[in-house]
Amino acid sequence: MKQLVKSLMIAAAVSLSAGTTLAANAQDNTEAKSLEELMQLVEKNRVSSRQLSAEREAEFTAARADKQALLNQAKKQLSDEEARGKRLQNQFSENEITLANKEQELENAKGTLGEMFGVVRGAATETIGRIATSIVSSQYPGREDVLESLAEAKELPTLPELEELWMALLTEMIQSGKVVTYNTDVFQLDGGVENKEVTRVGVFNLVAQNGEYLTYNDTTEQVQPLGRQPEGYVISQNSEFTGTSEGYAGLYLDPSRGQILGLLTQKATLEERYHQGGTVGYVITVVLIIGLLIAVYKLVTLTAVGGKMRSQLKNIDNPSDKNPLGRVLKVYHANKNSDAENLELKLDEAILKETPKIESGINVVKIFAAIAPLLGLLGTVVGMIGTFQSITLFGTGDPKIMAGDISMALVTTAMGLIAAIPLILAHSIVAGRSKSIVHILDEQAAGIVAAHSEKE
């Protein structure tokens with residue numbers, strides 16, 4: 001490479017000299033005024049060219065000698081590096097053999113320690129999952145860090161690391177049999193943080209002082225409230241337990257370490273079940289409400305009418321227009337002089353006039369009681385139609401797709417029966433009350449007719 005650079009530099013110098021000579025010759029040619037002068041200039045230039053060529057030849061010869069020296073030096077360096085490479089290769093082979101021998105010596109020196117290494121790694125790996133998800137970690141955080149290093153280690157554990165593994169297992173075993181109360185940060189579902197006093201029942205449950213259950217999130221290492229708490233009587237019993245300082249108290253315990261409580265949060269509430277009925281369920285609710293309102297209204301009015309009729313029975317000689325019995329008695333007083341047959345017809349007519357007012361609305365309650373289960377059956381049919389449509393579109397691979405329509409079918413059936421039962425009971429009560437009032441009217445009319453016949 002260096003020889004090539006030098007050659008290029010020499011060629012550039014020769015070109016520069018030749019250009020200068022030609023320029024000088026051209027200048028001289030311009031100054032020549034005769035053929036003799038021109039001849040002299042030509043001779044002069046020939047001599048100059050020969051000198052220049054000799055100088056160039058000498059420079060090329062000198063450069064050639066320098067390049068030969070550089071080439072010899074490069075060859076010598078190449079041979080030295082090749083020898084060094086062979087030497088390093090031999091040294092590498094010897095080091096490989098030495099390393100293999102040392103590894104064998106290490107295995108022989110470890111002996112049964114190698115088995116202990118596998119046992120420690122296995123025990124650490126198995127213990128990590130149990131300790132990381134244990135609620136004891138909410139009171140003693142960071143216990144799984146050493147275990148993770150042991151599980152991922154590629155060398156024999158040290159004595160302090162073995163002691164940490166032993167302490168982690170011993171702590172978990174001891175704390176699983178204790179009921180401990182301590183303060184910790186509880187991360188609320190709305191994002192807030194509150195320091196609360198919590199009670200840990202072994203490795204099973206965390207309970208707040210108000211009786212609510214708490215959960216330990218091993219991913220974020222945070223204590224959080226349960227998404228949905230159990231029924232009130234469970235919370236009340238738990239609060240009594242947390243408030244007991246001595247003696248014994250009952251507690252609802254989840255032996256699955258929170259799995260059953262976790263499933264509880266996924267369980268649909270009564271309100272959610274109600275809304276699963278959809279439009280048909282809402283219609284059944286309206287029917288139930290209207291039917292019950294009518295039944296309550298009739299029960300109140302019939303009770304008031306019955307009270308007035310009982311008062312009228314105590315004062316038959318002074319009939320009143322404010323109750324059915326008084327109006328029937330007025331018809332009797334207006335037709336005292338009629339014969340028994342005529343009087344009976346007049347009284348029957350008066351009773352027939354009062355009967356529609358007494359029985360109005362009762363049949364509506366009866367109709368609603370019959371409509372409610374039919375609406376439930378309608379919801380069942382609609383839900384099953386939706387289920388079969390889902391099966392047609394998506395198949396039966398995912399039951400969750402069909403769960404909504406099946407829930408609607410079952411919920412509406414239950415709602416129809418739930419609405420029909422109280423409506424039937426309300427209709428029976430109201431109908432019985434109206435029949436008792438009509439029976440009193442018939443009884444009094446029959447007695448009046450019999451007394452009038454005796455007089456005749």
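Here, residue 1 is the first one in the sequence, and each next residue gets the next number.
- Residues I358 and L441 have side chains in contact (heavy-atom distance under 4.5 Å, counting atoms from C-beta outward).
- Annotation: the span from T285 atom OG1 to M415 atom CE amounts to 3.5 Å, rounded to 0.5 Å.
- Heavy atoms of other residues, nucleotides or ligands lying less than 6.0 angstrom from OH of Y248 number 12 at most.
- Under a 3.5 Å cut-off, the side chain of T242 and the backbone N or O of Q209 do form a donor-acceptor pair.
- A 4.5 Å side-chain heavy-atom check between Q444 and Y332 finds every atom pair outside the cut-off.
- Under the 3.5 Å distance criterion, the side-chain polar atoms of E359 are left unmatched by any main-chain donor or acceptor of E354.
- Contact check on R84 versus D80 returns no salt bridge, with no Lys/Arg side-chain nitrogen under 4.0 Å from an Asp/Glu carboxylate oxygen.
- Residue K76 holds its NZ atom at 10.5 Å from CD of E81, rounded to the nearest 0.5 Å.
- To the nearest 0.5 Å, atoms CZ (F241) and OG (S236) are separated by 14.0 Å.
- A donor-acceptor contact shorter than 3.5 Å links the side chain of T413 to the backbone of A409.
- With a 4.5 Å cut-off on side-chain heavy atoms, Y213 and L206 do not count as touching.
- Looking at V201 and L251, their side chains come closer than 4.5 Å, going by heavy atoms from C-beta outward.
- Side-chain atoms of I351 and V328, non-hydrogen and from C-beta on, do get closer than 4.5 Å to each other.
- Side chains of N205 and Y252: a donor-acceptor N/O pair is absent below 3.5 angstrom, by distance only.
- Dense packing is recorded around OH of Y274, with more than 12 heavy atoms of other residues, nucleotides or ligands lying under 6.0 Å away.
- Dense packing is recorded around NZ of K196, with more than 12 heavy atoms of other residues, nucleotides or ligands lying under 6.0 Å away.
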Inset, instruction - Would you check, one step at a time, whether the test side chain to side chain contact (heavy atoms under 4.5 Å, CB included) holds for S93 with Q89? - result: CA-CA 6 Å; S93 300; Q89 182 66 32; 4.1 Å; yes
Inset, instruction - Starting from the C-alpha separation in whole Å, work towards a yes-or-no answer on side chain to side chain contact (heavy atoms under 4.5 Å, CB included) for V198 and Y182. - result: CA-CA 6 Å; V198 300; Y182 58 96; 3.9 Å; yes
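- Residues G379 and T412 come closest through the heavy atom pair C-OG1, 3.2 Å.
- For T301 (side chain) and K298 (main-chain N/O), a donor-acceptor pair under 3.5 Å exists by modelled atom type.
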Inset, instruction - Test Q175 against V203 for side chain to side chain contact (heavy atoms under 4.5 Å, CB included), laying out the working first. - result: CA-CA 7 Å; Q175 295 300 324; V203 293; 5.7 Å; no
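- Using cut-offs of 30° and 60° on the angle between ring planes, the pair Y282 and H275 is perpendicular.
- For the pair E212 and N238, the minimum side-chain heavy-atom distance is 4.5 Å or more.
- Under a 3.5 Å cut-off, the side chain of T215 and the backbone N or O of L226 do not form any donor-acceptor pair.
- K366 places none of its side-chain heavy atoms less than 4.5 Å from the side chain of I362.
- The closest side-chain heavy-atom distance from T184 to Y216 is not below 4.5 Å.
- No donor-acceptor distance shorter than 3.5 angstrom exists from the side chain of R327 to the backbone of K353, with no hydrogens or angles considered.
- A donor-acceptor pair under 3.5 Å links the side-chain atoms of Q237 to the main chain of G250, judged by distance alone.
- Checked against L292 for a side-chain contact (heavy atoms from CB on, under 4.5 Å), the options V365, V287, L423 give a single hit: L423.
- E163 CD to L170 CG: the interatomic distance, rounded to the nearest 0.5 Å, is 12.5 Å.
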